[in-house]
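In what follows, chains carry the letters A, B, and so on, assigned in the order in which the sequence lines appear, proteins first and then strands, with residues in each chain numbered from 1.
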Amino acid sequence: MMEPIFFYGFGGLAVVTALLMVTRVNPIASAVWLVVCFFAFAALFITLEAHFIGVIQVLLYAGAIMVLFIFVIMLLNIGAEELKARTMQFSGLLGGLVTIYLIVLITLGLLKNPVRFFEPLTEGYGYVAPVGRLLFTKYLVPFELTSVLLLVAIVGSVVMGKRKL
Amino acid sequence: MMITLTHYLILAAVLFCIGVFGVVVRRNILIIFMSIELMLSAVNLVFLSFSRYLGTQDGHVWVFMVLTVAAAEAAVGLGIIVALFRNKQTIYVDEVKELKG
């Protein structure tokens, strides 16, 4: 069985790169660590037999969205002297403690439930064809509403890009 | 050693909480925004784990919707960040406090 190796390997990679992402001072370094984190996410998705979503994760998140982020960071051109770890006093310590408390709380809650094993799947699970069939039959209305959302996003970003707000 | 649903849910919870940590602690608006993307991805992991457990593919469709919302959010949010930088010359949220009571 390869699944534990993939789960612990890529899960650990995702956690470590996510921690590096939130602690870097330079936003460019943060963005690059987030790209690595999204690749680990894609590997986890493929371990969960979601092949199509894994590919989409790499194309859309690690590709398009993160390129947009890096483009904007380069465009803003923040000087090196302005880049300092800007936090309130003790906020890192306090935030860390609250985060660990939250993680322990959720983990204890999850461990109360009985252990649920994954069942063997039918042939073709997670391929493009069955997901696409669901998208265009059962979930046609949400899919069409998504196009309205994208239109709103286009109009919104055009308005935001105006010189005089 | 079998990997169960609980393993994936705990991993997703840890990643989500790291995202919460980034939003709460960091003052750099770009890193706050990237932490939100991390939280969205952790939620996608929960969707796919339950989808795998139940043996249906409905979760995959919802992940597709979440990805679309993330793309729209990135486009508008980065537009807001550029507008903010053009008007205030800062990317730190503690310097933008005109609306504070």
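- Your options are G22(B), G19(B), S51(B), and the one with the most heavy-atom pairs under 4.5 Å with chain A is S51(B).
- Within the 4.5 angstrom heavy-atom criterion, atoms from both the backbone and the side chain of F117(A) approach chain B.
- Between chain B and the options A31(A), C37(A), G156(A), G12(A), the largest number of non-hydrogen pairs under 4.5 Å is found for A31(A).
- Contact of V15(A) with chain B is made through backbone and side chain together, with heavy-atom distances under 4.5 Å.
- In terms of non-hydrogen atom pairs under 4.5 Å with chain A, the most contact-rich of V24(B), I18(B), V14(B), V76(B) is I18(B).
- Options V131(A), T107(A), L102(A) differ in how many heavy-atom pairs under 4.5 Å they form with chain B, and the most are formed by V131(A).
- By the 4.5 Å heavy-atom criterion applied to side chains, Y125(A) and H51(A) are not counted as neighbours.
- No other option in C17(B), G79(B), S49(B) has as many heavy-atom pairs under 4.5 Å with chain A as C17(B).
- Residues L13(A) and F39(A) are not in side-chain contact: their nearest non-hydrogen atoms beyond the backbone lie 4.5 Å or more apart.
- Both the backbone and the side chain of L68(A) come within contact range of chain B, judged by heavy atoms closer than 4.5 Å.
- When the side chains of ILVMFWY residues are joined at heavy-atom separations under 4.5 Å, either directly or via intervening members, F47(B) and V69(B) end up in two distinct hydrophobic clusters.
- Heavy atoms closer than 4.5 Å to chain B are found in both the backbone and the side chain of L76(A).
- Legend: salt bridge (Lys or Arg N to Asp or Glu O under 4.0 Å) pairs involving residues 16-45 of chain A, not counting sequence neighbours: none detected.
- Ranked by heavy-atom pairs under 4.5 Å with chain A, the first of L5(B), I3(B), T4(B) is I3(B).
- Residue contact with chain B, scored on non-hydrogen atoms closer than 4.5 Å, involves the side chain of L150(A) exclusively.
- With respect to chain A, the highest number of heavy-atom pairs below 4.5 Å among S41(B), S35(B), A13(B) belongs to S41(B).
- Checked against the 6.0 Å centroid criterion, the rings of F7(A) and Y8(B) qualify as a close aromatic pair.
- Looking at F143(A), both its backbone and its side chain come within 4.5 Å of chain B, counting heavy atoms on both sides.
- With a 4.5 angstrom heavy-atom cutoff, I80(B) touches chain A via backbone and side-chain atoms both.
- Contact annotation: the side chain of V82(B) never approaches that of M160(A) to less than 4.5 Å [non-hydrogen atoms, C-beta and beyond].
- Heavy atoms of I53(A) lying under 4.5 Å from chain B belong exclusively to its side chain.
- Pairs engaging residues 124-144 of chain A under the salt bridge (Lys or Arg N to Asp or Glu O under 4.0 Å) rule: K138(A)-D58(B) [sequence neighbours left out].
- Only the side chain of I106(A) comes within contact range of chain B, with heavy atoms under 4.5 Å apart.
- Under the 4.5 Å side-chain heavy-atom criterion for grouping Ile, Leu, Val, Met, Phe, Trp and Tyr, V72(A) is not connected to V67(A) through any hydrophobic cluster.
- With chain B as partner, the option from L44(A), L110(A), L149(A) having the largest number of non-hydrogen pairs under 4.5 angstrom is L110(A).
- Only the side chain of L34(A) comes within contact range of chain B, with at least one heavy atom under 4.5 Å from a heavy atom of that chain.
- In this structure, L19(A) and W33(A) have side chains that are not in contact, with every pair of non-hydrogen atoms separated by 4.5 Å or more.
- In terms of heavy-atom pairs under 4.5 angstrom with chain B, the leader among A64(A), G96(A), G132(A), A50(A) is A50(A).
- Comparing L67(B), V63(B), L9(B) by heavy-atom pairs within less than 4.5 Å of chain A, the highest count is held by L67(B).
- In this structure, chain A has heavy atoms under 4.5 Å from both the backbone and the side chain of F33(B).
- Ring orientation note: the planes of Y53(B) and F50(B) are nearly perpendicular, at an angle over 60° on the 30°/60° scale.
- Proximity to chain A involves both the backbone and the side chain of M34(B), based on heavy atoms less than 4.5 angstrom apart.
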